[in-house]
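Here is the structure we will look at.
Indexing begins at 1, ligand by ligand and atom by atom, following the structure's order. One is the number of the first residue; the rest follow in order along the sequence.
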Amino acid sequence: MATGIHFFDLKNNTRIPSVGLGTWQSEPGLVGQAVYAAVKVGYRHIDCAQIYGNEKEIGVALKKLFDEGVVQRDDLWITSKLWCNNHAPEDVPVSLGNTLKDLQLDYLNLYLIHWPARTKKGTSGFGNMIPTDIPATWKAMEACHDNGMTRGLGVSNFSSKKLGDLLKVARIPPIVNQVECHPSWQQTKLREFCKSNGVHLSGYSPLGSPGTKWLKSNVLQHPILTSVAEKVGKTPAQVALRWGLQMGHSVLPKSTNEARIKENFDVFDWSIPDDLFAEMSKIEQARLVRGEFLVNDSSGAYKSVEELWDGEI
Ligand code: NAP
């Protein structure tokens, strides 16, 4: 097993840095310094989204990093995501334009459809769902790729079925599907589908999102994970992240704590030996983010969690 794994090659001849800093629930006043610290530590990939409400502060941190010559724009991989209330084709370039303005960037490396779900323009939350038209939204995303606002396109929270449907109509294929992935939700089926279709899987909540109150997460306490961690002399978080790299997907750990930002990046000069790696496939599987918030009776909403994930639950 090669220890490095700093990048994964993508279908559009770019390389995505394998460890990206997550920024969901990174609070105002903390997210900027987290991004600044992470890039100084060596992170070259930041995972953003308009809905996280913190892109402006991230933009200020990025500008500081560029002004101080810590990195140049081309050294970084910046992802952001189109929120559900901006799926209308005419709203896509406006939303991406706002993200670029907030991040103080000329282009993104990757722009994702955040969820295969659509809400009425101008509304917040999921109370006003309307039917999606992913092919139309994707066309507008492709136009943003054509005009250079983003160098890559992708999706998030797409099942194999939804990804397959998009691949059938896309002129510019999605290069990434960003989905929940950690040792307790290994995405075996979706991983195979992505692999055979040249779509890179990027793992969100790679630590099981322990800080999210509404999720019952104990991924980092699983006895197999803690025993592997003990045997390799690393923390459970490091083993969870390293497991992701060895599985072949990028990981997006969120932290606003400098010590943990460093800890989460110390995953390159060691590896999980084959026998312990195989042990980790025995961990019981359960999705944390089931997406019940997208299931209701209104038109456009999913009728069940099964329908949202097309049975991949
Ligand atoms: P996560 O990265 O799995 O976990 C983050 C939590 O773990 C925070 O509470 C953090 O607290 C704590 N933590 C960080 N490093 C740790 C360590 N070494 N040991 C113990 N605890 C540690 O969860 P996530 O934020 O849900 O997912 C990561 C990123 O994926 C998000 O930030 C976002 O960018 C992306 N994401 C995308 C979607 C989507 O729909 N596309 C959904 C969810 C997440 P501190 O900050 O205090 O360290």
* Only counting residues at least two apart or in another chain, list the ones meeting ring-ring contact (aromatic ring centres under 6.0 Å, His included) with Phe293. => Trp115, Phe126
* To do: Output all residues satisfying side chain to side chain donor-acceptor pair (under 3.5 Å) with Thr14, sequence neighbours left out; order by chain, then residue number.
  => Asn12
* Asked: For ligand 1, what is the set of protein residues having any non-hydrogen atom at a distance below 4.0 Å?
  -> Gly22, Thr23, Trp24, Asp47, Tyr52, Lys81, His114, Trp115, Ser156, Asn157, Gln178, Tyr204, Ser205, Pro206, Leu207, Gly208, Ser209, Pro210, Gly211, Leu220, Ala237, Leu252, Pro253, Lys254, Ser255, Thr256, Asn257, Arg260, Glu263, Asn264
* To do: Indicate whether the side chain of Arg191 and that of Asn177 have a donor and an acceptor atom separated by less than 3.5 Å.
  => no
* Applying salt bridge (charged side-chain N to carboxylate O under 4.0 Å, His left out), which residue pairs with at least one partner in residues 291-313 are found, sequence neighbours left out? -> Lys162-Asp310, Lys189-Glu312, Arg290-Glu292
* Structure fact -> One should read off an interatomic distance between His249 NE2 and His182 NE2, to the nearest 0.5 angstrom, of 9.5 Å
* Asked: Any ion pair linking Asp165 and Lys161 (charged N to carboxylate O, less than 4.0 Å)?
  -> yes
